[in-house]
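Data first, discussion second: the structure below is written as structure tokens.
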Number of protein chains: 2
Amino acid sequence: MRDHSLPGTPGTVFIRRRAAEDARKAIHGSATLQGLSEIFKMLGDETRLKICLVLARRELCVNDVAGLVGLSESGVSHQLRIMKAMRLVKYRKEGKMTFYMLDDDHIEDLIRLGVRHVSE
Amino acid sequence: MRDHSLPGTPGTVFIRRRAAEDARKAIHGSATLQGLSEIFKMLGDETRLKICLVLARRELCVNDVAGLVGLSESGVSHQLRIMKAMRLVKYRKEGKMTFYMLDDDHIEDLIRLGVRHVSE
DNA sequence: GTCTCAATTGAACAAATGATCATGTATCGA
DNA sequence: TCGATACATGATCATTTGTTCAATTGAGAC
């Protein structure tokens with residue numbers, strides 16, 4: 001018996017080896033996959049999606065973001081901290097306020113493309 | 001008196017009213033937001049991401065998908081059921097096997113755009 | 001019929017997630 | 001200095017999520 005195994009699950013016998021080998025090449029490296037799932041996961045939450053939308057090409061303070069997306073200031077602050085860690089937003093402090101703004105060129109494009117998908 | 005608040009926390013006093021009103025227009029309707037978060041959430045998992053990649057432009061049986069993405073057949077079957085419910089994949093039964101294939105034009109584009117983001 | 005294989009399904013579980021509340025910090029005005 | 005504000009942070013909690021295991025279905029082989 002030939003072993004048709006390929007990288008993936010060790011010892012797997014592939015039923016359509018040719019197609020499987022071809023498909024194997026379509027899988028990105030694990031670093032890329034991790035980065036991909038990270039942005040998509042970030043966009044996979046309605047609240048963060050709204051935060052991205054209101055902060056696109058416009059800076060807003062935490063209070064206003066909270067009012068717009070319908071979440072407490074604390075909640076917004078938590079989410080912004082995550083987005084800040086991902087370098088998706090930049091911020092500027094002015095007095096007791098902090099103004100945030102989207103700082104990523106691709107987020108808007110991704111959302112735009114997503115909208116096209118939703119609209120079938 | 002009519003309520004002009006579209007999304008958001010009712011009764012919020014906005015600090016930058018002009019900017020906030022402008023930002024409010026950037027928020028999509030709740031149906032669109034829901035649809036958006038649904039695809040992004042679906043792409044926000046490395047396993048499903050890999051499944052999408054191997055099933056793009058190529059049909060594979062569950063066994064081979066499992067071998068490629070490194071998950072049990074059961075696990076793959078569960079995920080495919082979700083993706084089937086979202087009408088992202090189509091399937092074809094042949095004997096005791098089921099061949100799945102990506103059936104959505106935008107998924108590949110979204111991933112491609114995502115890769116561009118990851119590559120900075 | 002029986003046996004095996006591919007896939008599906010349901011239950012169970014740990015881990016991750018998003019929100020809330022309470023508290024802490026820093027800034028401004030009175 | 002006192003209080004109010006804008007925001008940040010830590011802890012907690014209820015859901016949700018992804019995986020695994022066990023059991024089941026259905027189709028071909030014998």
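Distance, B:Ile15 CD1 to D:dT5 C1': 9 Å, rounded to whole Å. The CZ-P distance, from B:Arg92 to C:dA7, rounds to 12 Å in whole Å. Distance A:Leu43 CG to C:dG18 P: 12 Å, rounded to the nearest Å. Note: CD (A:Glu94) to C1' (D:dT5) measures 15 Å, nearest angstrom. Rounded to an integer number of Å, the gap from B:Asp45 CG to C:dA16 P is 13 Å. Distance B:Gln79 CD to C:dT9 P: 14 Å, rounded to the nearest Å. Rounded to a whole Å, the CD atom of A:Glu59 is 16 Å from the C1' atom of D:dC7. In this structure, A:Ile82 atom CD1 and C:dT17 atom P are separated by 8 Å, rounded to whole Å.
A cation-pi geometry, defined here as NZ or CZ lying under 6.0 Å from the six-membered ring centre and within 45° of its normal, does not hold between A:Lys90 and A:Tyr100.
A sub-4.0 Å separation between OP1 or OP2 of D:dT17 and a side-chain N or O of B:Arg48 is absent.
Residue A:Tyr100 is the one, among A:Tyr100 and B:Lys41, whose nearest nucleotide of DNA chain D lies closer to the 5' end (criterion: closest heavy atom). Along DNA chain C, the nucleotide nearest to A:Gly75 and the one nearest to B:Asn63 differ in position, and the one closer to the 5' end is contacted by B:Asn63.
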task: Show the numbers, then the answer: is there a side chain to side chain contact (heavy atoms under 4.5 Å, CB included) between B:Asp22 and B:Arg18?
output: CA-CA 6 Å; B:Asp22 201 44; B:Arg18 181 73 56 116; 6.0 Å; no
query: Can you check side chain to side chain contact (heavy atoms under 4.5 Å, CB included) on A:Leu53 and A:Ile111, steps first, answer last?
result: CA-CA 9 Å; A:Leu53 289 169; A:Ile111 296 175; 4.1 Å; yes
- request: Verify side chain to side chain contact (heavy atoms under 4.5 Å, CB included) between B:Gln79 and B:Ile51, making sure each step is shown before the conclusion.
  value: CA-CA 9 Å; B:Gln79 298 297 350; B:Ile51 292 177; 3.9 Å; yes
message: Applying side chain to side chain contact (heavy atoms under 4.5 Å, CB included) to A:Leu80 and A:Ser77, what does each step give before you reach the verdict?
response: CA-CA 5 Å; A:Leu80 284 172; A:Ser77 192; 5.7 Å; no
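A:Arg58 contributes a side-chain N or O that, together with a main-chain N or O of A:Val54, makes up a donor-acceptor pair within less than 3.5 Å.
For the pair B:His78 and D:dT19, the ring geometry does not qualify as stacking, because the centroid separation below 5.5 Å and plane angle under 30° are not jointly satisfied.
Using a 4.0 Å heavy-atom distance criterion, B:Leu71 is classed as a sugar-phosphate-only contact. Residue A:Ser77 is classed as a base contact, given a heavy-atom separation below 4.0 Å to a base. Contacts of A:Gly95 with the nucleic acid, taken as non-hydrogen atoms under 4.0 Å apart, involve only primed sugar atoms and P, OP1 or OP2.
A heavy-atom distance below 4.0 Å to DNA chain D is reached by none of the residues of residues 83-91 of chain A.
Salt bridge status for B:Lys50 with B:Glu46: absent, with no side-chain N to carboxylate O gap under 4.0 Å.
Residues satisfying the salt bridge (charged side-chain N to carboxylate O under 4.0 Å, His left out) test with B:Glu94, not counting sequence neighbours, are B:Arg92.
Comparing D:dA6, C:dT9, C:dA19 by their nearest atom to the side chain of B:Arg81 picks out C:dT9. Relative to the side chain of B:Lys96, the nucleotides D:dG26, D:dT20, D:dT5 differ in distance, and D:dG26 lies closest.
You'll find a donor-acceptor pair under 3.5 Å spanning the side chain of B:Ser74 and the base of D:dC21, going by distance alone.
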